[in-house]
Amino acid sequence: MVLLSWMLMVGCGGGLTVSEVVERHRGMHDVVTDSMNQERFFHDGTWHEHYGDGLMFGPSSDLAHWAWEADESYKDRAIEGLDTNLATVAAANDDLLTAFNEIETVAMAQLSLLEAGLFLEPEPYLEVADPFLDTIDGIFRASGDYWDVDAGEFASDTYGPTSLSGFAAMMHLAHVMVAPDDDPDAHIERAEQVLASVEEKAWDSEAGMYRFSPGDDRVLLYPSASMLIAHGRAYALTGDEAHIERTEAIYEGIQVLLAESGDHYHSPYSAEEMGSVDEDYATLSAENYLMLGLWLAYENTEDVKYLEDMDRILGWIEQSLLVDGLVLHHWVNGRAANEEDPWILCAGCNLQLLYILRTMALSMEG
């Protein structure tokens, strides 16, 4: 769920290169692309079966595909989706209660409007996104720059206060990327203030990871993955080495969640709900958010270990979760999700996976 820069990056020290990773997983990209082009998933200007993420990663992955392959049909579909998202955020601007009750939808729609400015004229999208950002910022100021309120259908319980706070910082950082002449210092300052508050409230220095919320000692992937993204973007815009230091600490801390096979990370937030009987439980969503953070870590440091980790995760996804052209929701009890489980498929997570692969491919364009 974050804006990624499009600078040329290649592997360092004679190791793995981005082009090798993209080529290695091009087959998965192409088959998932074909599947997501079914009318089942997008019609009447709206993504379906996506559980929130599609509002962000539908238009953003389409715009990245258009920039990569010069296929105008993807640009056209992205604009359709963005028009729907414009209406969603505009409605939230008029009704704050709706925004709280549907925070998953509104927040992802908001991020898509900001991301669109990397590819399209940003002003029409910022006209709607800026008022919502002002509203969110006011809420954060009043709550001590940490989102510890119950909102939405599942965001508070799934992503948690720490991750949601990180997303708020990302909105400010995203604004700087698409509108670098529009008071960037103020947006960077606000992002840094939010990150500092999250640090104070949720960073566990002994464990080397971010907690779901203050006092919650569960070992979960989402909080650290989300903050890996936030610190990665903050470093890219500020050059403050403190963000690199935190990136490295987060990466070291999450190794306790690395599966014995070494090719994916456990994400136990929904393990009980899905009936997991062992610790080897992982979701596509959490792997995706982690890969977004790993990609930024690689861009910022040129340390090939982050790229190698992404390559292993992508290989695991292809081998373990890709079934009949779509990547399933999770891995549980030695198998991919199936009809026995409450959830089987998230289209938004498939779009997010495409976004990651297309972002990597675009980075080779310079």
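Residue numbers start at 1 and run along the sequence shown.
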S.K.: With H50, which residues qualify under ring-ring contact (aromatic ring centres under 6.0 Å, His included), at least two apart?
M.R.: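 Listed in chain order: nothing, the list is empty.
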S.K.: Are L345 and W331 joined in one hydrophobic group, where the rule is that I, L, V, M, F, W and Y side chains link up if heavy atoms are under 4.5 Å apart?
M.R.: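 Cluster IDs for L345 and W331 match.
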S.K.: Using ring-ring contact (aromatic ring centres under 6.0 Å, His included) as the criterion, list what pairs up with F132, not counting sequence neighbours.
M.R.: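 By the ring-ring contact (aromatic ring centres under 6.0 Å, His included) rule, F132 matches no residue at all.
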S.K.: Could I get the full list of side-chain contact (heavy atoms from CB on, under 4.5 Å) partners for D181, not counting sequence neighbours?
M.R.: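 Per chain and number, D181 pairs via side-chain contact (heavy atoms from CB on, under 4.5 Å) with no residue.
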S.K.: Applying salt bridge (charged side-chain N to carboxylate O under 4.0 Å, His left out), which residue pairs with at least one partner in residues 313-342 are found, sequence neighbours left out?
M.R.: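 Checked against salt bridge (charged side-chain N to carboxylate O under 4.0 Å, His left out) - neighbours excluded - the pairs reaching residues 313-342 are R335-E340, R335-D341.
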S.K.: Residues in side chain to side chain donor-acceptor pair (under 3.5 Å) with S163, at least two apart?
M.R.: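 S226.
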S.K.: Is there any salt bridge (charged side-chain N to carboxylate O under 4.0 Å, His left out) pair reaching into residues 120-139, and which pairs are they, with sequence neighbours excluded?
M.R.: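 For residues 120-139, and leaving out neighbouring residues, the salt bridge (charged side-chain N to carboxylate O under 4.0 Å, His left out) pairs sorted by first residue read D137-R141, D137-R190.
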S.K.: Measure the spacing between NE2 of H25 and CG of L322 and express it to the nearest 0.5 Å.
M.R.: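 Those atoms lie 12.0 Å apart.
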S.K.: What pairs with Q319 under side-chain contact (heavy atoms from CB on, under 4.5 Å), at least two apart in sequence or on another chain?
M.R.: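 Q319 satisfies side-chain contact (heavy atoms from CB on, under 4.5 Å) with no other residue.
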S.K.: Check step by step if salt bridge (charged side-chain N to carboxylate O under 4.0 Å, His left out) holds for R211 and D216.
M.R.: CA-CA 6 Å; R211 294 304 187 183; D216 188 331; over 6 Å; no
S.K.: Ignoring hydrogens and geometry, is there a side-chain-to-backbone donor-acceptor pair from E287 to A282 under 3.5 Å?
M.R.: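 Such a contact is absent between E287 side chain and A282 backbone.
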S.K.: Are there over 12 heavy-atom neighbours, none belonging to E23, within less than 6.0 Å of that residue's CD?
M.R.: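 Counting other residues, nucleotides and ligands, CD of E23 stays at 12 neighbours or fewer.
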S.K.: What residues form a ring-ring contact (aromatic ring centres under 6.0 Å, His included) with W203, not counting sequence neighbours?
M.R.: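 Listed in chain order: Y210.
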S.K.: Which pairs count as salt bridge (charged side-chain N to carboxylate O under 4.0 Å, His left out) when at least one residue sits in residues 259-281, sequence neighbours excluded?
M.R.: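 Listed by first then second residue: nothing to list.
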S.K.: Do the side chains of L354 and F57 get nearer than 4.5 Å, heavy atoms only?
M.R.: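 When only atoms from C-beta onward are counted, L354 and F57 do not touch, as no gap falls below 4.5 Å.
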S.K.: Scan for ring-ring contact (aromatic ring centres under 6.0 Å, His included) pairs involving residues 178-202, sequence neighbours excluded, and state none if there are none.
M.R.: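 As it turns out, the ring-ring contact (aromatic ring centres under 6.0 Å, His included) pairs with a partner in residues 178-202, which skip direct neighbours, are H172-H187, H175-H187.
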S.K.: With V32, which of N350, I317, N37 fulfils side-chain contact (heavy atoms from CB on, under 4.5 Å)?
M.R.: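 When N350, I317, N37 are each tested with V32, the side-chain contact (heavy atoms from CB on, under 4.5 Å) holds only for N350.
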S.K.: Report yes or no: does S224 contribute a side-chain atom to a donor-acceptor pair with the main-chain N or O of L220 at less than 3.5 Å?
M.R.: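 No, because the side chain of S224 does not come within donor-acceptor range (under 3.5 Å) of the backbone of L220.
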S.K.: Mind checking salt bridge (Lys or Arg N to Asp or Glu O under 4.0 Å) for D30 and listing every partner two or more places apart, or none if nothing turns up?
M.R.: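 D30 satisfies salt bridge (Lys or Arg N to Asp or Glu O under 4.0 Å) with R26 only.
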S.K.: Show me the pairs that pass salt bridge (charged side-chain N to carboxylate O under 4.0 Å, His left out) and involve residues 239-253, at least two apart or across chains.
M.R.: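 Every pair satisfying salt bridge (charged side-chain N to carboxylate O under 4.0 Å, His left out) with a residue in residues 239-253: E199-R246.
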